[in-house]
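Sequence lines set the chain letters: A, B, ... in the order given, protein chains first and strands last, and positions in each chain run from 1.
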Number of protein chains: 2
Amino acid sequence: MIYLDNAATAFPKPAEPLRRALEQYLEAGASPGRGGYDLAVEAEYEVDAVRRKVRRFFGGGEGWRVCFAYNATDALNTLIMGLTQEPCHVVSTRLEHNSVLRPLHHLAEQGCISLDLVPFNSQGYVEPQAVAAALRPDTGLVMVNHASNVFGTVQPVAEIAALCREHGVELLLDASQSAGLYPIELEKWGVGGLAFTGHKSLLGPTGIGGLVLSPRVNPLPTRYGGTGVDSINLVHTMDYPHRLEAGTINLLGVLSLGQSLDYLATPEHGQALSRERELCARLAQGLAATQGIELYCAQGPGERLPLLSCNVKGMRAGDVADILDGDFDIAVRSGLHCAPLLHQDLGTSPHGAIRFSLGAFNTAEDIEAALEAMERIGSTAAAKGR
Amino acid sequence: MIYLDNAATAFPKPAEPLRRALEQYLEAGASPGRGGYDLAVEAEYEVDAVRRKVRRFFGGGEGWRVCFAYNATDALNTLIMGLTQEPCHVVSTRLEHNSVLRPLHHLAEQGCISLDLVPFNSQGYVEPQAVAAALRPDTGLVMVNHASNVFGTVQPVAEIAALCREHGVELLLDASQSAGLYPIELEKWGVGGLAFTGHKSLLGPTGIGGLVLSPRVNPLPTRYGGTGVDSINLVHTMDYPHRLEAGTINLLGVLSLGQSLDYLATPEHGQALSRERELCARLAQGLAATQGIELYCAQGPGERLPLLSCNVKGMRAGDVADILDGDFDIAVRSGLHCAPLLHQDLGTSPHGAIRFSLGAFNTAEDIEAALEAMERIGSTAAAKGR
């Protein structure tokens, strides 16, 4: 099988980092911060070491916080709900994933926030001035998808952040797709924080994600429980990291993430990333030259991730994906990619598009096979259309 | 080291089930329900198989739902917040863990609920009639800790459930401690559902827990995001299991839980559980006969888990735990065990008690060593006291 759905989850995963994390967990998997004996103290030390690794990986400065979560959706809900406990105006974009759109929509429906969603341009980018124009004196939160999970376009977030800070509001990022594929420098860019997930291009397992937050960004807790500290108090602690972490942490997930971050820093992986980008450029160029293919914002100037979306003219995306799977053993994701407003604006709703998303282990042969398959599907569709 | 803190997290874990799950994940870890290709469909099939296993393990009937979560605290918050979207009266107990007390306290502080916490008796049990007496016409939720994480006492939940249902309200359980140690028969007992965690006596990893719910119990979603279904809709789906699961599921955690449940069903583990209970009875009997030890609700009639709490008279729990760790290499948990009201009522707040919690891999030698250590600490303390 040729797996080109790495934007859903990276597959395959580098096995050794995960195996090492499991052995580490089996060897010393006590409950961090929940006991005074050596094994529990060591576990907490290991967790703190991964927190520092995560902070540095995303360019968070001294004093920045890392709080772990179940997945990016969990982290984003914690962030959004925790920052809108007082009514305010929120600015986001029409590029967002449902993990941002749905909590914001819920809050807007409940009358807790007023919401403006900034459009993207014909190249798939959000223009910084469009965000600035949406800001109001009561804007309390600006949330932008760092890189579109449909177009792969990486947004000019440093510029957006500068305009936000001029208005006294922090920019926060959904980095689900970009983390691990595009270098992130939160403090340098003046961004207030981000949500990430471990199982996509960080090459870790499912079940672990989190928030990296500037000391300027302080969501209120929205889940309450045991933290191992201040247990006498019926009010959940306001101290980090426990403030946004209730109950036993996913120690196996944290250890796995630590191992994965080490793996990402290897020269071997650096080469894989370069290859991934070149292969995606080759795919974009090949598809652009293929009869009957409509490619969306996959070429031209601007930063992008190694993923792209397209349709075969005259065919439904789901049918193309089924043929790719059934006839060519190629796995892609079709449909709306949990980004309904993007597809609405693109004119591709409700059937969406097919998305090719590359990974660290794809080869030139995979891409040639995908191009050949798309040529055959495209020319068959064109012939039927005539 | 002698590990007697299994109520915090089971340690060691049986390694083979977790290693098998990781290999299964590395082999076929696509994103369940997020693609139409074989690997994603297979992953969804595997997840559904574990859902059925979990449902049967807890005695849920046909039509009962299993929704996965990050940990028990996450599952409990989802349940409590999701069932109190309309103001109502809630009954719970003073035996609860902060994972129940803190969300309820928050809701009460916000004026969303009125709250009654039923006391426990001198044996560490909640009396069914005490729960019944607290019920009101507007009671919308009754939440009981199935087994105390401090006393180990297993509550008579079938009797409590019968009284609740007479009043037209469902009983819900926090089964964090009991799951895997005490057979649970939700449907037979007439209980509406429970929250569980995977990393305690289910012997799975951290990062996976969940809810098992009767079709009569339908919390509203409190987190919103992508589900892989109905992506066009900005409102989070009300269909199970997605209703209470937002974002990518912890597939590695789910696979691990499936493997652990298989392990729990082996005769080998059945024998380990019997031994665990016998060893705890021996520990209780030995401590009861030891000079200077105050034992809490650890003997007498009634069902209990293999864990118990005590203090050395005239010493702080934390100091005893430090000596056990430093001088005897025995790991126990001291303090309030995230159950502040229990310790308040017991008269052991703010220093709490020390808790011995056994696991599947403890031996008779471990227990004799613990008894010997406690005898020495107890007699030293008694000598100083004179």
Worked verdict on Tyr70(B) versus Asp74(A) for side-chain hydrogen bond (donor to acceptor under 3.5 Å, both in side chains): CA-CA 9 Å; Tyr70(B) 182 59; Asp74(A) 180 32; over 6 Å; no
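Among Val254(B), Asp329(B), Asn233(B), the residue with the largest count of heavy-atom pairs under 4.5 Å with chain A is Asn233(B). Between chain A and the residues Ser256(B), Ala246(B), Ala321(B), the most heavy-atom pairs under 4.5 angstrom are made by Ala246(B). Among the candidates Leu234(A), Val235(A), Leu336(A), Leu26(A), the residue making the largest number of heavy-atom pairs closer than 4.5 Å to chain B is Leu234(A). With chain A as partner, the option from Ile80(B), Ile208(B), Ile249(B) having the largest number of non-hydrogen pairs under 4.5 angstrom is Ile249(B). Annotation: maximal heavy-atom pairing with chain A below 4.5 Å, among Thr222(B), Leu252(B), Thr248(B), occurs at Thr248(B). Contact count versus chain A (heavy atoms, under 4.5 Å) is highest, among Ser231(B), Gly247(B), Gly318(B), for Ser231(B). Ranked by heavy-atom pairs under 4.5 Å with chain A, the first of Gly29(B), Gly253(B), Gly36(B) is Gly29(B).
In this structure, Leu211(A) and Phe196(A) approach most closely via the heavy-atom pair N-CE2, 3.9 Å. Smallest separation of non-hydrogen atoms from Ile330(B) and Ala370(B): CD1-CA, 3.7 Å.
Classification of the Tyr224(A)-His106(B) ring pair by plane angle, with boundaries at 30° and 60°, yields parallel.
For a residue to count as touching a neighbouring chain, one of its non-hydrogen atoms must lie under 4.5 Å from one of that chain's; by this rule Asn250(A) touches chain B with backbone and side chain alike. Of the two parts of Val332(B), only the backbone, made up of N, CA, C and O, holds a non-hydrogen atom closer than 4.5 Å to a non-hydrogen atom of chain A. In this structure, chain B has no heavy atom under 4.5 Å from any part of Val41(A). When heavy atoms are compared at a cutoff of 4.5 Å, Asp38(A) approaches chain B by way of both its backbone and its side chain. For chain A, the nearby part of Asp325(B) is the side chain; its heavy atoms alone come within less than 4.5 Å. Within the 4.5 angstrom heavy-atom criterion, atoms from both the backbone and the side chain of His236(B) approach chain A. Residue Ala28(B) touches chain A through its backbone alone, counting heavy-atom pairs closer than 4.5 Å. For a residue to count as touching a neighbouring chain, one of its non-hydrogen atoms must lie under 4.5 Å from one of that chain's; by this rule Ala69(A) touches chain B with the backbone only. Heavy atoms of Ser334(A) lying under 4.5 Å from chain B are absent altogether. Within the 4.5 angstrom heavy-atom criterion, only side-chain atoms of His199(B), from C-beta onward, approach chain A.
The residue from Leu324(B), Asp322(B), Ile323(B) that alone fulfils the side-chain contact (heavy atoms from CB on, under 4.5 Å) condition with Val320(B) is Leu324(B).
The side-chain heavy atoms of Pro103(B) and Met81(B), taken from C-beta on, include a pair separated by under 4.5 Å.
The distance between the ring centers of His351(B) and His343(B) does not fall below 6.0 angstrom.
In this structure, the salt bridge (charged side-chain N to carboxylate O under 4.0 Å, His left out) partners of Glu245(B), at least two apart in sequence or on a different chain, are Arg51(B).
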List the atom pairs, donor and acceptor, that lie under 3.5 Å between side-chain atoms in residues 14-22 of chain A and the rest of the protein, sequence neighbours left out.
| from | atom 1 | to | atom 2 | distance (Å) |
| --- | --- | --- | --- | --- |
| Glu16(A) | OE2 | Arg19(A) | NH1 | 2.6 |
| Arg19(A) | NE | Glu23(B) | OE2 | 2.7 |
| Arg19(A) | NH2 | Glu23(B) | OE1 | 2.9 |
| Arg20(A) | NE | Gln259(A) | OE1 | 3.0 |

